[in-house]
Structure formats: structure tokens, C-alpha cells
Amino acid sequence: MNGIWKNSISCLRIGKMPQRCQSGCHPVAPLGSRILTDPAKVFEHNMWDHMQWSKEEAAAARKKVEENSAMRILLEEQVKYESEASKYWDAFYKIHKNKFFKDRNWLLREFPEILPVDQKNEEKATELSWDHAKTNPANCFPRMHCPAVPEEKSHYKKSYGLSDSQTKAGSDFSNLDSEKHRKGPLKTELFPGSNATFRILEVGCGAGNSVFPILNTLQNAPESFLYCCDFASGAVELVKSHSSYRAAQCCAFVHDVCDDGLPYPFPDGILDVILLVFVLSSIHPDRMQGVINRLFKLLKPGGMLLFRDYGRYDKTQLRFKRGHCLSENFYVRGDGTRAYFFSEGMLI
């Protein structure tokens with residue numbers, strides 16, 4: 001299931017997380033219009049709007065999750081997975097380098113807000129897209145289409161806005177943040193991207209599978225700047241050593257978003273867009289609210305937080321075996337990395 005929100009007084013929440021609603025631009029195939037009529041074109045989009053589960057399929061999925069969630073991992077082991085999360089992801093990128101995930105060339109279609117306004121117009125005029133399909137991101141978005149799917153099995157895509165007054169979620173893991181790594185606020189007036197007029201931050205950039213499609217598009221928008229961070233230092237090194245990395249328009253840095261005492265290499269309130277793609281699911285559910293609250297402070301007024309992640313009963317969740325469940329809908333993989341599976345009810 002996908003949906004986008006921007007600049008609305010209505011609220012959706014993760015815990016206590018208000019959202020703004022969608023801008024006036026949309027992908028080439030607006031949400032609600034992706035209807036598969038030719039089976040040969042099943043891979044034309046990475047989602048379809050009309051797929052419905054039968055009662056039998058929904059019941060089978062619920063039963064599978066009940067089975068793989070019946071045995072929970074001991075609390076002391078859960079603390080290890082939390083405190084050593086960066087270690088597990090570092091090991092992941094040391095093994096797989098940049099070969100595991102494909103470049104996300106669908107990003108522009110799903111999130112046209114990533115581009116500054118002038119760049120969106122240029123994309124429309126030249127009919128460009130990242131995967132060489134024609135795009136027209138200048139039409140107006142219809143209201144979000146949310147087909148009724150039992151506890152959605154598709155990926156979620158949201159765009160959030162928060163008020164600074166939101167209460168951070170409590171967590172038994174909050175005391176794991178290392179005080180020795182905390183620093184004071186950034187005081188310098190000049191910072192990477194200080195001359196830019198449009199700034200993007202990707203959180204959890206990994207090996208750059210979103211970074212480089214974005215950079216390739218922004219090369220014609222010199223007034224734009226992309227920040228990207230990951231708490232796995234090995235992943236950041238992969239990004240910085242890539243042949244397409246341009247320090248003049250990109251700043252990759254190591255950062256743990258769960259530690260809200262760590263400074264960013266830029267001041268608060270300057271970002272136009274923050275991108276979280278399959279990142280929030282790797283964070284303990286008790287810490288998600290605090291992460292979102294802190295990220296929101298980085299946005300300028302009217303800025304957007306774009307979110308895409310696993311949906312409840314995704315095939316990935318159904319494939320987990322017994323003994324991998326940390327808590328409800330939260331699992332650990334064999335390599336120590338974790339994944340949470342969101343439901344529509346959690347976001348509304």
C-alpha cells in the first residue's frame with residue numbers, strides 16, 4: 001500500500017506522529033490507477049493497486065505470522081542486537097559491498113518531491129525518468145487510493161510532518177546511547193551545501209542505491225545538495241568511493257539517528273526533503289518516534305519526510321522461521337539485522 005501526504009491539518013501517526021499531505025505532483029501512474037490488465041507487464045510497476053486477498057489467503061498469512069512469532073528471542077539477546085546494530089550492518093556491507101540491492105530507479109516516479117520545482121519542470125519538458133520510461137510528474141495527485149487489503153501486505157510509502165511539541169516515545173533501549181559520542185551543537189556558519197537552495201537528506205543510505213539515482217538527476221540542478229548518512233561506516237565508505245560520488249553536490253557521513261545527541265554536519269531547519277527507504281523498519285519500535293521527532297527538526301517549514309517500508313504480511317515477514325521474532329511484527333535475520341512490518345493501523 002502506498003500513500004503520500006503534505007501540508008494538511010489532518011494527522012496520521014506512528015505513536016504520536018502527525019503527517020502533512022501530498023504535493024501537487026505525482027508519478028507517471030498515479031496511486032489508484034495501477035491496474036494490471038496484461039500479465040506480461042507485471043514488472044512494469046513495483047506495486048499494483050487492485051490486488052486483493054481472498055479470506056483464505058488472509059487467514060493463511062495471519063496463521064503463518066502467529067506461528068513464526070510464537071517463540072520470542074530472550075531479552076538479553078535483544079539488547080545485544082540493539083547495542084550492536086551498526087556492527088551487524090557493517091558486516092553485511094563488508095560481505096555484500098554494493099552488490100546486494102539494486103539501484104532504486106523508481107524513486108522519482110514514487111517521490112517526485114525529491115526534485116526541486118525547476119528540476120521537476122525540466123523533467124516534464126524532456127520526458128525523462130531514471131529507468132528511461134516517460135514521466136510526467138507535473139499533474140495533480142488525486143486523493144490517496146487505499147484499497148481494502150487485510151492488514152496490508154504491500155510496502156508502505158508515507159510523507160510526514162511533525163510538530164516540535166510531540167512527545168518522544170519512551171524505550172527500555174534509550175540508555176544504550178553512548179554519552180562519550182555526544183557533542184555540542186554545530187556552531188560554524190559555513191557547512192557542506194551551505195550555498196544550496198534545495199537540500200535533501202537520505203537516512204540509512206547503505207551503499208548508495210538511492211544516492212546515485214538522485215545524484216544523476218540532480219546534476220542538472222547545481223543549486224541542489226544531497227546529504228546521506230548511515231551508521232555503518234563501511235556503507236558510507238562504499239558511497240564515498242563510488243565513481244559517481246561528487247563532493248561538490250553530496251556529503252556522505254556516518255551517523256546514528258537513534259542518538260539524538262549527535263550533531264549533523266549542517267544546522268537544523270534547512271532541509272527540504274528527508275528520505276527514509278526501508279530504514280525505519282530496522283529501528284526498534286520504541287525508538288521510532290524519537291527518531292522521527294529529531295529528523296523533523298532538520299526540516300525547513302513546509303519540508304517533507306518521505307517514507308517507504310515493509311507492510312504487514314509482506315512475503316518477507318511470512319518467510320521468517322520460528323525463533324527469529326523479537327517482539328510483535330519485529331524480527332531479526334540470520335545476519336543480525338532487523339526488520340519491522342508496519343500495518344495501516346499503526347500509521348493512522
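- Remark: Arg308 qualifies as a cation-pi partner of Trp106 under the 6.0 Å distance and 45° angle criteria applied to the six-membered ring.
- Tyr331 and Asn68 share a donor-acceptor pair across their side chains, judged by distance under 3.5 Å alone.
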- Report the C-alpha separation of Tyr310 and Phe342 in whole Å, then their side-chain angles, then the decisive distance to 0.1 Å, and conclude whether the ring-ring contact (aromatic ring centres under 6.0 Å, His included) test is met. CA-CA 6 Å; Tyr310 294 113; Phe342 296 90; 8.7 Å; no
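- Taking the six-membered ring for Trp and thresholds of 30 and 60 degrees, Phe253 and Phe266 have ring planes more than 60 degrees apart, a perpendicular arrangement.
- Contact check on Glu202 versus Arg104 returns a salt bridge, with a Lys/Arg side-chain nitrogen under 4.0 Å from an Asp/Glu carboxylate oxygen.
- Here the side chain of Gln249 pairs a donor or acceptor atom with the backbone of Ala221 at under 3.5 angstrom.
- The main-chain N or O of Val332 is found under 3.5 Å from a side-chain atom of His324 such that the two form a donor-acceptor pair.
- Interatomic distance, OG of Ser281 versus CZ of Phe307, reported as 7.5 Å (0.5 Å rounding).
- The backbone N or O of Gln78 lies less than 3.5 Å from no partner atom in the side chain of Glu82, so there is not a single donor-acceptor pair.
- Contact annotation: the side chain of Val65 never approaches that of Phe320 to less than 4.5 Å [non-hydrogen atoms, C-beta and beyond].
- For the pair Asp268 and Arg294, the salt-bridge criterion is met [side-chain N within less than 4.0 Å of a carboxylate O].
- How far CG of Leu326 is from CD of Glu77: 9.5 Å, rounded to the nearest 0.5 Å.
- The backbone N or O of Asn105 sits nowhere less than 3.5 Å from a side-chain atom of Asn209 that would complete a donor-acceptor pair.
- A 4.5 Å side-chain heavy-atom check between Cys250 and Val211 finds at least one atom pair inside the cut-off.
- Taking CG of Leu107 as the reference point, atom CG of Leu275 lies at 6.0 Å (rounded to 0.5 Å).
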